[in-house]
Amino acid sequence: MNPGMTRRQFIQCTGVVIISLGSDCFVTAGTGGTIPPAQGYLVVDARKCQGCLSCMLACSLVHEGKENLSLSRIQVMQNPFEKFPLDLGIFPCRQCADPACVNACPEGALTADPAHGQVRRVDKDTCTGCGSCVDACPYRPGRVMVQPDDVSDFGASSRKCDLCAGAPFHWDEAGGGPEGSQACVAVCPVHAIAFTREMPLQAGNKGYQVNLQDAAWRSLGYGTPGTER
């Protein structure tokens, strides 16, 4: 024990379990442990979104090889009963600093992947599709979902945004992840989604709902005061 370390810090450090499996290893936090911060995040400007759902179709295509809104890791919600700017919302995974989904997984299938910038990923070979991660996610709509999976021995598996890390049908040879391209960012026709390496403010949604409007958009009134989400 380091003489300058408090008893609480010592207990927290000894709770971390690190499993190394070569270059494709995952890091999993045990009880009381910590998880390395992700090296990439998605931020959005829902005021620019036109509801075309291109991001959702591209997401499912690079991950599943087919365009299916139900299989998208990023979600666009539309409410026809609301007025602008509350009629549309874009909800990517937050890559939380303290991810409840990772901590809740009984199989250790949700992890921080050091081979892809510590992005929070689902190991489909380990996931049983139990849904513990979905229940644990404190945000609504939930950033994790369980869908049928013909490849899984359990018939279903969890899916969440991984910044396209290891996406099997990615168009770019460099792939995705923090060092590559994110399908939703690349295809959005109005640039309402952006990638950043700076960790957004974790409390609430303000850190992830940002202003991506340039002068042309502001001239259309999209930057109206009081519309911040």
- Would you check if Val210 and Leu212 make a side-chain contact, meaning some heavy-atom pair closer than 4.5 Å? yes
- Decide yes or no for Ile35 and Gln118: does some side-chain heavy atom of the first lie under 4.5 Å from some side-chain heavy atom of the second? no
- Message: Holding to side chain to side chain contact (heavy atoms under 4.5 Å, CB included), I want the full list of residues that pass it with Ala58, two or more places apart in sequence or in another chain.
- Response: Ala183, Val187
- Message: Evaluate Lys124 against Asp149 for side-chain contact (heavy atoms from CB on, under 4.5 Å), listing each step before the verdict.
- Response: CA-CA 9 Å; Lys124 294 181 66 173; Asp149 191 340; 2.8 Å; yes
- Task: Using the rule that two of Ile, Leu, Val, Met, Phe, Trp, Tyr join whenever any of their side-chain heavy atoms come within less than 4.5 Å, decide whether Leu69 and Leu88 are in one cluster.
- Result: yes
- Note on the structure: Residues passing the side chain to side chain donor-acceptor pair (under 3.5 Å) test with Ser158, sequence neighbours excluded, are none
- Query: Are any of the side-chain heavy atoms of Leu71 and His63 separated by less than 4.5 Å?
  - Reply: no
- Message: Would you say that Leu61 contacts Phe169 through its side chain, given a criterion of any heavy-atom pair below 4.5 Å between the two side chains?
- Response: no
- Within one Ile-Leu-Val-Met-Phe-Trp-Tyr cluster: Leu42 and Leu53, side-chain cutoff 4.5 Å: yes
- Close side-chain approach of Leu163 to Pro178, heavy-atom, < 4.5 Å: yes
- Message: What I'd like to find out is whether the side chain of Met56 reaches to under 4.5 Å of the side chain of Ile74, using heavy atoms alone.
- Response: yes
- Report the residue from Cys101, Pro99, Cys96 that forms a side chain to side chain contact (heavy atoms under 4.5 Å, CB included) with Arg120. Pro99
- Query: Restricting to pairs with a member in residues 191-200, which pass salt bridge (charged side-chain N to carboxylate O under 4.0 Å, His left out), not counting sequence neighbours?
  - Reply: Glu179-Arg197
- Query: Between Asp98 and Asn103, is any pair of side-chain heavy atoms under 4.5 Å apart?
  - Reply: yes
- Task: Check the pair His191 / Asp45 against side-chain contact (heavy atoms from CB on, under 4.5 Å), numbers first and verdict last.
- Result: CA-CA 9 Å; His191 307 294; Asp45 188 342; over 6 Å; no
- Query: Are any side-chain N or O atoms of Lys48 and backbone N or O atoms of Gln213, one a donor and one an acceptor, separated by less than 3.5 Å?
  - Reply: no
- Has the side chain of His170 got a donor or acceptor atom that lies under 3.5 Å from a matching backbone atom of Ser181? yes
- Query: Under 4.5 Å between side-chain heavy atoms, hopping through other hydrophobics if needed: is there a path connecting Val76 to Tyr41?
  - Reply: no
- Under 4.5 Å between any side-chain heavy atoms of Asp162 and Val122, yes or no? no
- Query: If you measure from CD1 on Ile193 to SG on Cys188, what distance do you get to the nearest 0.5 Å?
  - Reply: 5.0 Å
- What pairs of residues pass the salt bridge (charged side-chain N to carboxylate O under 4.0 Å, His left out) test when at least one of them lies in residues 53-73, not counting sequence neighbours? Glu64-Arg73, Glu64-Arg159
- Message: Strictly distance-based, threshold 3.5 Å: is any side-chain N or O of Gln182 a donor or acceptor partner for the main-chain N or O of Phe195?
- Response: no
List the atom pairs, donor and acceptor, that lie under 3.5 Å between side-chain atoms in residues 130-143 and the rest of the protein, sequence neighbours left out.
unit_1 : atom_1 : unit_2 : atom_2 : d
Tyr139 : OH     : Arg94  : NE     : 3.3
Tyr139 : OH     : Arg94  : NH2    : 3.4
Arg140 : NH1    : Cys137 : O      : 2.6
Arg140 : NH2    : Cys137 : O      : 3.4
Arg143 : NE     : Pro92  : O      : 3.2
Arg143 : NH1    : Pro141 : O      : 2.8

- Query: Checking Gln95 side chain against Gly40 main chain: does a donor-acceptor pair fall under 3.5 Å?
  - Reply: no
- Task: Mark yes or no for whether Thr111, through its side chain, and Asp113, through its backbone, hold a donor-acceptor pair below 3.5 Å.
- Result: no
- Query: Would a hydrophobic clustering, with Ile, Leu, Val, Met, Phe, Trp and Tyr connected at side-chain separations under 4.5 Å, put Ile90 with Tyr208?
  - Reply: no
- Report the residues that fulfil side chain to side chain contact (heavy atoms under 4.5 Å, CB included) with Phe81, sequence neighbours left out, ordered by chain and then residue number. Asn79
